[in-house]
Trainee: 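Let me begin by handing over the structure; questions about it come next.
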Amino acid sequence: MRIDVVTIFPEMFAAIRESGMTRRALAGGQFELCVWNPRQYSGDNYRRVDDRPYGGGPGMVMMAEPLAGALDAARQAAGGRVIYLTPQGRPLTQSVVGRLALEPALVLLAGRYEGVDERLIETEVDEELSIGDYVLSGGELPAMVLVEALVRCLPGVLGNEESAQDDSFSGGLLDWPQYTRPEQFAGHEVPAVLLGGNHGAIRRWRLKQALGRTWLRRPDLLAGRELNDEEQELLESFKNEQKEMENSR
Ligand code: 9WO
C-alpha cells in the first residue's frame with residue numbers, strides 16, 4: 001500500500017518512519033510513505049499557506065490553492081482517495097480501517113490552524129474521518145494514528161498472521177487480560193488456569209474475560225454483536241461471579 005500525506009510539518013512523520021512496526025513495514029516494502037508540503041505549492045513569495053478568515057474572527061485558515069497543488073501532485077504520483085482528518089469527520093473504527101487497508105493507495109490531508117478553506121474540502125476531499133471527540137493543533141497525529149492502524153492490517157506486516165485477528169475489536173470485543181513472568185507480582189498471582197496447560201480451559205477463560213470486560217467497560221460494543229450459545233453461557237457466568245464479588249464487598 002502507498003500512503004501520501006499532505007502536511008506543513010513533514011518532519012513529524014519521522015516518528016513512524018524511524019520506529020517500530022511501521023519502520024519494519026517500510027523496510028520490507030509492505031508500504032510506502034511520501035509527504036508533500038503545501039508550502040512548496042504556494043504562489044506567494046513568503047510561501048504562505050494561511051490567511052485571515054472571511055467574516056472576521058480570530059485565527060487563520062489554510063488557503064485552498066497551496067493545498068490543492070500539493071494534493072494534485074500527490075494524486076499524480078500515486079492516485080488514491082483523499083482523506084481529511086478532522087473532528088468533523090465520521091468516527092474511525094476498526095471496520096473503517098479494514099476497508100481502507102484494501103486500497104492500493106490513499107492520500108491523507110493533515111490540516112493546521114483553525115481549519116482549511118471549505119471549498120478545498122468540497123472539491124478535493126473524498127472522505128472526512130475523526131479519531132475521537134477532542135481538538136488537537138493539527139491533523140498530523142491523527143494521520144499517523146490512521147497509518148499505524150492501516151499498516152498492521154497489511155499482509156506480511158505482523159509476521160504472526162494470527163495476532164492481528166486476536167486484537168481488541170477484530171472480534172468486536174476488548175482484549176482478555178495478559179500475564180507474563182513472574183508468577184507473583186505485588187502480592188497478585190497469575191490466574192491458575194493459565195499455568196495449567198489445559199488449552200481448552202484457557203481458551204474459554206480468555207473468551208469469558210473478553211466478554212466480561214466488554215460488558216463492564218464498553219456495553220455499546222456488545223449491543224452491536226450477536227453472541228453464540230457458548231459466549232452467552234460464559235458471559236452469564238462472568239455476570240454471576242461479578243454479583244458474588246459485589247455481595248462479598
Ligand atoms: C481550532 C479552533 C479554534 C477556535 C475556534 C474553532 C476552532 N476549531 C479548530 C480546529 O478544529 N482546528 C483543527 C486543527 C483544524 C483541522 C486540523 N486540526 C485538528 C484535527 N485538530 N484536531 C484534529 C482531529 C482530527 C481527527 N480526529 C480528531 C481530531
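Please read all numbers here as calculations on a predicted model, not as lab measurements. What's counted below: heavy atoms across the whole structure, side chains too, no hydrogens, waters or symmetry copies. One-based numbering along the sequence shown. Read the numbers this way: they start at 1 and go in the same order the structure lists the ligands and their atoms.
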Trainee: Run through Glu233, Glu231, Glu241 and flag the one making a salt bridge (Lys or Arg N to Asp or Glu O under 4.0 Å) with Lys208.
Mentor: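 The passing option is Glu241.
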Trainee: Could you report the tightest heavy-atom contact between Val6 and Ala70, atom names first, then the distance?
Mentor: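 So the minimum-distance heavy-atom pair works out to CG1-CB, 3.8 Å.
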Trainee: Just jot down the side-chain contact (heavy atoms from CB on, under 4.5 Å) partners of Gln76, sequence neighbours excluded, or say none.
Mentor: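 So Gln76 forms no side-chain contact (heavy atoms from CB on, under 4.5 Å) with any residue.
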Trainee: Could you go through ligand 1 and list every pair where one of its N or O atoms sits under 3.5 Å from a protein N or O, giving the atom names and the distance to one decimal?
Mentor:
{"from": "ligand 1", "atom 1": "12 (N)", "to": "Tyr113", "atom 2": "O", "distance (Å)": "3.3"}
{"from": "ligand 1", "atom 1": "21 (N)", "to": "Leu136", "atom 2": "N", "distance (Å)": "3.2"}
{"from": "ligand 1", "atom 1": "21 (N)", "to": "Leu136", "atom 2": "O", "distance (Å)": "3.2"}
{"from": "ligand 1", "atom 1": "22 (N)", "to": "Leu136", "atom 2": "N", "distance (Å)": "3.0"}
{"from": "ligand 1", "atom 1": "27 (N)", "to": "Ile131", "atom 2": "N", "distance (Å)": "2.8"}

Trainee: By side-chain contact (heavy atoms from CB on, under 4.5 Å), which residues pair with Asn198, not counting sequence neighbours?
Mentor: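 If we apply the side-chain contact (heavy atoms from CB on, under 4.5 Å) test to Asn198, skipping adjacent residues, the hits are Ala201.
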Trainee: What residues join Tyr54 in its hydrophobic cluster, counting side-chain heavy atom gaps under 4.5 Å, either direct or through other members?
Mentor: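 ILVMFWY cluster around Tyr54 holds nothing else.
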Trainee: Looking just at side-chain N and O atoms, do Thr7 and Glu140 make a donor-acceptor pair shorter than 3.5 Å?
Mentor: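 Indeed, the side chains of Thr7 and Glu140 share at least one donor-acceptor pair under 3.5 Å.
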